[in-house]
Amino acid sequence: MKLDRLYEILFHNYGDLKWWPAETPFEVAVGAILTQNTNWNNVEKAIENLKKTDLLTPYGIYRSDENMLKKLIRSAGFYNQKCERLKILSEYIIKDLKGNIVNLKKYDLKQARERLLALKGIGKETADSILLYALDFKVFVVDTYTLNFFERLKIGKFSSYDECQNYVHECFSGDIKAYKNFHALIVEHCKNFCKKHPKCIDCFLNSKFCFWVEKFNVNVKFNR
DNA sequence: AGCCAGGCCTGCC
DNA sequence: GGCAGGCATGGC
């Protein structure tokens with residue numbers, strides 16, 4: 001499988017990143033919405049606020065006063081939209097899933113994904129993050145880092161989210177734990193490199209990463 | 001001071 | 001079906 005070695009390289013560099021950091025599946029879902037185009041540091045503060053006020057449950061958020069909720073999640077930015085999105089998700093969980101998001105597990109992957117995507121404010125990345133990290137569906141999470149990463153390494157230039165995801169599903173043989181870590185590793189790796197030259201491979205392949213690429217002798221095999 | 005962060009929706013073409 | 005613009009805070 002073409003992507004298995006790439007995963008090994010990243011794993012040797014960064015290890016098990018233990019994503020997603022959360023105590024409950026619902027906390028994963030809330031974090032997935034709050035982190036939309038937002039630094040995780042800002043999200044953590046918001047989640048802490050929700051925990052302190054004992055609102056980090058579907059009922060807690062559904063019944064909470066909007067203005068109070070906005071204040072609690074303010075640090076995560078876009079708080080007007082995100083307030084609405086959290087309310088919509090919570091209402092769906094209460095009314096269709098008996099108050100527990102884990103009940104999405106009674107559907108297969110395709111159906112569960114469609115149900116999440118039908119909610120306003122949940123797009124593909126957010127849905128897949130919830131499916132993978134909260135519900136243990138084996139699905140690869142794509143983001144802007146991933147598309148950029150694959151393009152730089154000449155693994156492929158994908159024109160859409162689904163195209164990239166399908167490629168990984170075909171070319172990566174990892175189990176669910178590996179799927180969880182694979183996305184985390186790509187994010188972690190990309191965060192560490194030069195953003196000012198988005199196409200520059202040299203900005204991407206320094207430090208230990210290069211060492212492992214050579215050790216695994218895969219530098220040419222990145223080309224499909 | 002200015003750019004960016006683990007996107008998504010809407011309106012236009 | 002692609003693309004720009006809007007959404008907002010906090011860290012570097």
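Chain naming here is simple, since letters A, B, ... match the order of the sequence lines and numbering starts at 1 in each.
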Would you measure the distance from the P atom in B/dA1 across to the matching atom in C/dC7 and give it in whole Å?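 Their P atoms lie roughly 23 Å apart.
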Taking atom P in both C/dG10 and B/dC8, compute the distance separating them and give it to the nearest angstrom.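 To the nearest whole Å, 22 Å.
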Pick base, sugar-phosphate or nothing for [X], based on heavy-atom distances below 4.0 Å to the nucleic acid.
X        : result
A/Asn42  : base
A/Ser160 : nothing
A/Gln81  : base
A/Lys45  : sugar-phosphate

Starting the side chain at C-beta, find the nucleotide from [options] nearest to [X].
X        : options               : answer
A/Gln36  : C/dA8, C/dG11, B/dC8  : B/dC8
A/Thr126 : B/dG7, C/dA8, C/dT9   : B/dG7
A/Lys120 : C/dA8, B/dG7, B/dT10  : B/dT10
A/Tyr145 : B/dT10, B/dA5, C/dG10 : B/dA5

Toward the 5' end of DNA chain B, which comes first, A/Ile122 or A/Val187, by nearest nucleotide? A/Val187
Complementary nucleotide for C/dA8 - Watson-Crick or wobble, under 3.5 Å: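 In the structure as shown, C/dA8 has no Watson-Crick or wobble partner.
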To the nearest Å, how far apart are [X] [atom1] and [N] [atom2]?
X        : N     : atom1 : atom2 : answer
A/Glu163 : C/dG1 : CD    : C1'   : 14 Å
A/Lys82  : C/dA8 : NZ    : P     : 9 Å
A/Phe193 : B/dA5 : CZ    : P     : 15 Å
A/Ile33  : B/dC9 : CD1   : C1'   : 14 Å
A/Ile88  : B/dC9 : CD1   : P     : 10 Å
A/Leu117 : B/dC8 : CG    : C1'   : 11 Å
A/Trp40  : B/dC4 : CH2   : P     : 22 Å
A/Leu89  : B/dC8 : CG    : C1'   : 15 Å

Using only side-chain N and O atoms of [X], determine if any of them is under 4.0 Å from OP1 or OP2 of [N].
X       : N     : result
A/Asn80 : C/dA8 : yes
A/Thr38 : C/dA8 : no
A/Tyr79 : C/dC7 : no
A/Arg85 : B/dG7 : no

So which one's nearest nucleotide on DNA chain C is more toward 5', A/Asn41 or A/Ser159? A/Ser159
pair A/Arg63-A/Leu55: side-chain heavy atoms closer than 4.5 Å: no
Quick one: are A/Thr38 and A/Lys82 in side-chain contact, heavy atoms under 4.5 Å? yes
Would you call the rings of A/Phe140 and A/Phe182 parallel, tilted or perpendicular, taking 30° and 60° as the class edges? tilted
Any idea how A/Phe158 and A/Tyr167 line up, ring-wise: parallel (<30°), tilted (30 to 60°), or perpendicular (>60°)? tilted
May I have the step-by-step check of side chain to side chain contact (heavy atoms under 4.5 Å, CB included) for A/Lys51 and A/Glu23, ending in yes or no? CA-CA 11 Å; A/Lys51 283 185 180 175; A/Glu23 294 175 19; 3.1 Å; yes
Looking at A/Tyr107, does the NZ or CZ of A/Arg115 lie under 6.0 angstrom from its six-membered ring centre and within 45 degrees of the ring axis? yes
